[in-house]
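Right, one structure below, let's go through it.
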Amino acid sequence: MSADDSTPAAEGSKAEAPGPRPEPLRFFGTTWLNHDNGYTPRRIAAAVGSLATAAASCLVLRLAYQGLQIAAIGGFVTVLMVAMFAICSAMAFRHTWDGFTRRPDPERQASLRGLLAVGFVGSLLAYFFRSLTEAPGEKLHRQEYEEARKQYEKRTSRRSGNPKNRRRP
């Protein structure tokens, strides 16, 4: 029998507790729950990776700025471009940061897609700063998971007057 067989006996050895399961996070899977299986190195890698990507992105933006200067399109357009990237990055930072603590509205998320694309440096920096303290989104997912566990425990421990009518999972 090979190691990748998915027989019921093999699946039974990986039995998990009944009830809600934690939602995986990008780059972290479910390691955020118990901070195991390489959680700390993943957090370090996420922080370093997002900061390096933000730095590389700033270099690309600098090259674009120099291209505008070489094209001699004028000071007004150059100021507009710099202001656009600065404002969009600040708004993307705030939107991404808020997304780590509460679920974003899907309609608003769709309407801000262009702004978030332009302000990608802000999103990368938000990801970097959040990675310094936790996996980005860990706090939100932990709250949701704990609430789901409480609800599950409440449902499974509830008893009616007649034990035969007890709800079983």
Side-chain angles (χ1 to χ4, degrees), residues 3-4 6 14 16-17 19-152:
D4 58 4
S6 63
K14 301 178 193 175
E16 295 182 14
R21 291 184 174 64
E23 185 177 341
L25 290 173
R26 180 182 298 159
F27 306 125
F28 293 92
T30 57
T31 61
W32 60 267
L33 186 61
N34 297 320
H35 294 188
D36 58 357
N37 295 331
Y39 171 81
T40 302
R42 288 179 193 210
R43 240 184 65 207
I44 292 169
V48 170
S50 60
L51 186 61
T53 306
S57 300
C58 288
L59 178 64
V60 171
L61 290 176
R62 173 72 177 154
L63 293 173
Y65 177 77
Q66 287 176 338
L68 289 176
Q69 284 183 327
I70 291 170
I73 58 172
F76 180 70
V77 175
T78 303
V79 168
L80 280 178
M81 188 204 73
V82 170
M84 174 194 64
F85 275 106
I87 292 169
C88 289
S89 289
M91 292 177 72
F93 179 92
R94 182 63 182 180
H95 179 77
T96 304
W97 191 263
D98 288 344
F100 295 142
T101 55
R102 65 176 179 265
R103 295 275 180 186
D105 177 30
E107 290 179 18
R108 184 170 186 264
Q109 184 83 10
S111 68
L112 291 176
R113 187 169 293 137
L115 179 130
L116 295 174
V118 172
F120 61 97
V121 174
S123 292
L124 289 169
L125 290 175
Y127 204 85
F128 165 72
F129 286 119
R130 184 56 79 159
S131 294
L132 295 176
T133 58
E134 67 176 8
E138 178 181 344
K139 183 178 181 181
L140 172 67
H141 283 74
R142 189 170 300 282
Q143 288 173 343
E144 290 175 349
Y145 177 71
E146 287 174 0
E147 181 62 32
R149 291 293 303 173
K150 285 180 191 175
Q151 293 296 325
Y152 176 77

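Index from 1, following the sequence.
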Worksheet item: Per the side-chain contact (heavy atoms from CB on, under 4.5 Å) rule, which among Thr53, Val121, Leu63 passes with Cys58?
Response: Val121
Response to the item:
Between the OG1 atom in Thr101 and the CZ atom in Arg130, the distance rounded to the nearest 0.5 Å is 6.5 Å
Worksheet entry | From Met91 atom CE to Ile87 atom CD1, the distance as rounded to the nearest 0.5 Å | 8.5 Å
Response to the item:
Taking every heavy atom of Trp32 against every heavy atom of Pro24, the minimum-distance pair comes out as NE1-CA, 4.4 Å
Fill in: Nearest-0.5 Å distance that lies between atom CD in Glu144 and atom CZ in Arg149
15.0 Å
Worksheet item: Nearest heavy-atom pair of Gly119 and Ala92: which atoms, and what distance?
Response: O-CB, 3.0 Å
Practice prompt. Of all the heavy-atom pairs spanning Asp36 and Thr31, show the shortest one and how long it is.
Written response: O-CB, 3.1 Å
Worksheet item: Does the side chain of Glu147 pick up a donor-acceptor pair with the side chain of Gln143 at under 3.5 Å?
Response: no
Worksheet entry | Spacing of CE belonging to Met81 relative to CD1 belonging to Ile73, to within rounding of 0.5 Å | 8.0 Å
Worksheet item: OG of Ser89 to CE of Met84: how many Å apart, nearest 0.5 Å?
Response: 9.0 Å
Worksheet item: So does Glu23 pair up with Arg103, basic N to acidic O under 4.0 Å?
Response: yes
Practice prompt. Enter the distance from Glu138:CD to Leu33:CG here, rounded to the nearest 0.5 Å.
Written response: 9.0 Å
Item to complete: For atom CD of Glu107, decide whether the heavy atoms of other residues, nucleotides or ligands shown that lie under 6.0 angstrom number more than 12.
Response: no
Fill in: Heavy-atom pair of closest approach, residues Arg43 and Ala135
CD-N, 3.6 Å
Worksheet item: Where is the tightest heavy-atom contact between Leu125 and Ala54, given as atom of each residue plus distance?
Response: CD2-CB, 4.0 Å
Discussion item. Testing Val118, Leu112, Leu116 one by one against Cys88 for a side-chain contact (heavy atoms from CB on, under 4.5 Å), which residue passes?
Written reply: Val118
Item to complete: Please state whether the rings of Tyr39 and Phe28 are parallel, tilted or perpendicular, taking 30° and 60° as the class boundaries.
Response: tilted
Worksheet item: Pairs in or reaching into residues 96-140: which pass ring pair (Phe, Tyr, Trp, His ring centres under 6.0 Å), with residues at least two apart or in two chains?
Response: Phe93-Trp97
Practice prompt. List the atom of Ala47, the atom of Leu132, and the distance in Å for their closest heavy-atom pair.
Written response: CB-CD2, 4.3 Å
